[in-house]
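The structure appears below as structure tokens.
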Amino acid sequence: MKDIKTILAERSTGSTITAKGWARTKRDTKNAIFVELYDGSCFTGLQCVFDAGSMSEATATALARTTTGAALAVTGTLVDSPAAGQPVELKATALEVIGECPADSYPLQKKAHSLEFLREIAHLRPRTNTIGAAARMRDEMAYAVHTFYHDRGFKYVHTPIITASDCEGAGEMFQTTTLDLDAIAKHGGPVDYSKDFFGKKAFLSVSGQLNVETYCMALGKVYTFGPTFRAENSNTTRHLAEFWMIEPEIAFAELPDDMELAEDFVKHLLSWALDKCSEDMAFFEKRVQPGLIEMLDSVRSKKFAHMTYTDAVAELEKHKDSFEFKPFWGCDLQTEHERYLSETVIGGPVIVTDYPKELKAFYMRLNEDGKTVRAMDVLVPRIGEIIGGSEREYRYDVLVANMKAKGLDPAAYWWYLDLRRFGSAPHAGFGLGFERLLRYVTGIENIRDVIPFPRAVKQADF
RNA sequence: UCCCCUGUAGCUCAGUUGGCAGAGCAAGUGGCUGUUAACCACUGGGUCCGUGGUUCAAAUCCGCGCGGGGGAGCCA
């Protein structure tokens with residue numbers, strides 16, 4: 001059996017085919033009944049036409065049971081469509097209702113639903129145009145990620161999801177345990193983690209970076225792409241408690257190499273979306289965010305601007321009246337600052353580099369000035385920060401000093417420090433939030449609508 | 001964690017100064033010479049989020065609770 005994407009692509013008119021899928025809509029006229037069949041293989045459905053005058057009684061009965069959402073098998077002849085709207089259609093001769101879908105209780109109707117409502121029926125929402133298209137785009141973008149790195153000789157490394165070290169202090173962590181918390185609560189005594197599964201405290205990973213650096217120092221060019229967990233109490237359209245992150249790491253590389261990789265990567269992903277997902281992208285353009293395609297197209301053809309943090313702050317200080325938080329050297333760039341830089345100052349993507357060391361993580365390479373580190377953030381219009389990365393500190397003594405300055409115990413990072421003791425080399429990498437990329441590409445505002453089952457504060461249903 | 005908005009039919013929302021619960025879409029029925037989120041007509045459909053209070057009278061005003069959304073912070 002061919003899926004609808006194949007049927008529509010082949011257009012083998014005159015052939016007899018059976019298509020299986022679900023009814024999106026049924027439209028009645030006196031002489032003909034139209035059923036739009038979709039199977040998820042592509043955005044467009046297959047129009048099935050039933051001749052009211054010549055259909056069998058069995059088909060008429062099945063048609064009466066056909067409602068929005070019903071699972072169907074339709075057999076007929078593929079013909080050129082006499083009407084506008086679709087090049088071919090299925091002139092149906094037989095219809096089987098595989099699974100009924102009672103119209104009076106089925107939550108999805110042939111009308112537009114709000115994304116808020118659809119979140120409450122996450123098990124049914126992939127059947128809608130918007131969420132279905134987002135799901136196909138998610139698949140394509142994941143494939144594009146692997147294609148990009150594989151074609152460049154990067155090795156895909158699976159870093160652990162469970163970790164016993166508070167890696168980079170990148171955020172609040174979820175603790176994992178097999179201890180009986182109810183029993184411990186009854187006793188009221190201190191918790192003995194030596195009796196826990198790993199013999200010590202364990203958490204879900206907030207980043208694969210530290211682990212992937214070990215393989216970077218062995219395989220040269222590596223990346224991770226996996227789930228990441230942050231237990232932060234944040235309730236926004238761009239945060240999840242469980243999200244997917246891509247983290248490449250390249251050996252014998254410095255910050256300019258890292259920036260070049262990030263730019264190539266973003267452009268590869270945008271090109272993939274625009275060139276290979278045009279049908280779904282056309283839907284996002286039409287129904288989700290008009291202007292989306294032109295905006296993405298301009299980004300992929302434009303050289304990313306570069307700017308140091310110091311220059312960025314100087315630029316922001318010229319317009320300080322337009323900000324709630326007044327910018328000054330040493331301040332963390334607020335969302336309003338980031339968007340102003342990319343949207344107003346540059347009018348496109350901009351990479352901001354060389355941030356004050358106090359603002360960034362311990363593993364970033366210290367500059368000669370002793371005040372800034374070789375960090376980079378890629379800022380894009382509408383979204384703000386989409387990539388954060390840096391050249392890593394590969395000098396043992398400087399790294400240890402950085403850790404101490406940030407109140408970290410070097411002994412806890414003994415294996416990470418070993419990378420600097422044995423054959424250390426400059427290396428760099430970055431992290432890209434996969435769902436943030438999907439927000440950017442699809443135009444869907446809320447991050448909870450670009451992941452099948454969102455996990456956020458007080459939200460772990462389905 | 002902080003600030004703001006919001007909760008009324010299956011969905012999206014209106015509801016005036018506190019005075020009989022409304023519309024569009026969806027559903028059901030009928031019509032329509034090929035429809036494209038079809039169209040036209042009719043019909044059915046309500047714990048006004050919950051709870052306590054003010055009042056002759058509360059969807060409407062007040063307190064508390066719960067849910068949803070947006071923004072900030074944190075970050076990817």
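Numbers restart at 1 for each chain; the letters A, B, ... are given by sequence-line order, proteins then strands. Everything numeric in this text was worked out from a predicted model, so none of it was measured.
In this structure, CD1 of A:I383 is placed 11 Å from P of B:rG71, rounded to the nearest angstrom. If you measure from atom CG of A:L240 to atom C1' of B:rC74, you get 14 Å, rounded to the nearest angstrom. Rounded to an integer number of Å, the gap from A:K111 NZ to B:rG24 C1' is 9 Å. Here the C1' atom of nucleotide B:rA76 and the NE2 atom of A:H239 are 7 Å apart, to the nearest Å. Taking atom CZ of residue A:R339 and atom P of nucleotide B:rG73, one finds them 12 Å apart after rounding to whole Å. Rounded to whole Å, the distance from CD on A:E324 to P on B:rC2 is 17 Å. Rounded to whole angstrom, the span from the CD atom of A:E36 across to the P atom of B:rU35 amounts to 15 Å.
Judged by distance alone, with hydrogens and angles left aside, A:Q86 brings a side-chain donor or acceptor within reach of the base of B:rU35, the pair sitting under 3.5 Å. No donor-acceptor contact under 3.5 Å links the side chain of A:E116 to the base of B:rG69. Judged by atom type and distance alone, A:R436 reaches the base of B:rC75 through a side-chain donor-acceptor pair under 3.5 Å.
Formation of a donor-acceptor pair under 3.5 Å by the A:E172 side chain with backbone atoms of A:A231 is not found in this model. Although no hydrogens or angles enter the test, the distance criterion places a donor-acceptor pair under 3.5 Å between the side chain of A:E435 and the main chain of A:W244.
Heavy atoms of A:D28 sit under 4.0 angstrom from at least one base atom. Residue-level contact check: A:R287 touches the bases, meaning some heavy atom is under 4.0 Å from a base atom. Note on A:Q334: only backbone sugar-phosphate atoms sit closer than 4.0 angstrom, heavy atoms only; bases stay farther off. Using a 4.0 Å heavy-atom cutoff across all strands shown, A:R238 reaches at least one base atom of the nucleic acid. Across all strands shown, A:T237 has heavy atoms under 4.0 Å from sugar-phosphate atoms exclusively, and none from any base. Counting any heavy atom pair closer than 4.0 Å across all strands shown, A:T25 reaches sugar-phosphate atoms only and no base atom. Among the heavy atoms of the strands lying under 4.0 Å from A:A83 is at least one base atom, whether or not backbone atoms are also near. Looking at heavy-atom distances under 4.0 Å, A:N233 makes contact with a base. Counting any heavy atom pair closer than 4.0 Å across all strands shown, A:L108 reaches no nucleic acid atom. If you check every strand for non-hydrogen atoms under 4.0 Å, A:S114 touches sugar and phosphate atoms only. Here A:E89 lies in heavy-atom contact (under 4.0 Å) with a base.
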Would you check, one step at a time, whether the test side chain to side chain donor-acceptor pair (under 3.5 Å) holds for A:S390 with A:R392? CA-CA 6 Å; A:S390 70; A:R392 319 307 188 189; 2.7 Å; yes
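A cation-pi arrangement is absent between A:K406 and A:F362, since the terminal nitrogen or guanidinium carbon is not both under 6.0 Å from the aromatic centre and inside a 45° cone about the axis. Taking the ring axis of A:Y440 as reference, the NZ or CZ atom of A:R436 does not stay both within 45° of it and closer than 6.0 Å to the ring centre.
Neither OP1 nor OP2 of B:rA26 sits under 4.0 Å from any side-chain N or O of A:T68. The side chain of A:T29 places an N or O atom within less than 4.0 Å of a non-bridging phosphate oxygen (OP1 or OP2) of B:rG34.
Both thresholds, 5.5 Å between centres and 30° between ring planes, are met by A:F243 relative to the base of B:rA76, so the two rings are stacked.
When the C1' atom is used for both B:rC39 and B:rC32, the distance is 8 Å, rounded to whole Å.
Inspection of the A:R27 and A:T25 side chains reveals an N or O donor paired with an N or O acceptor under 3.5 Å.
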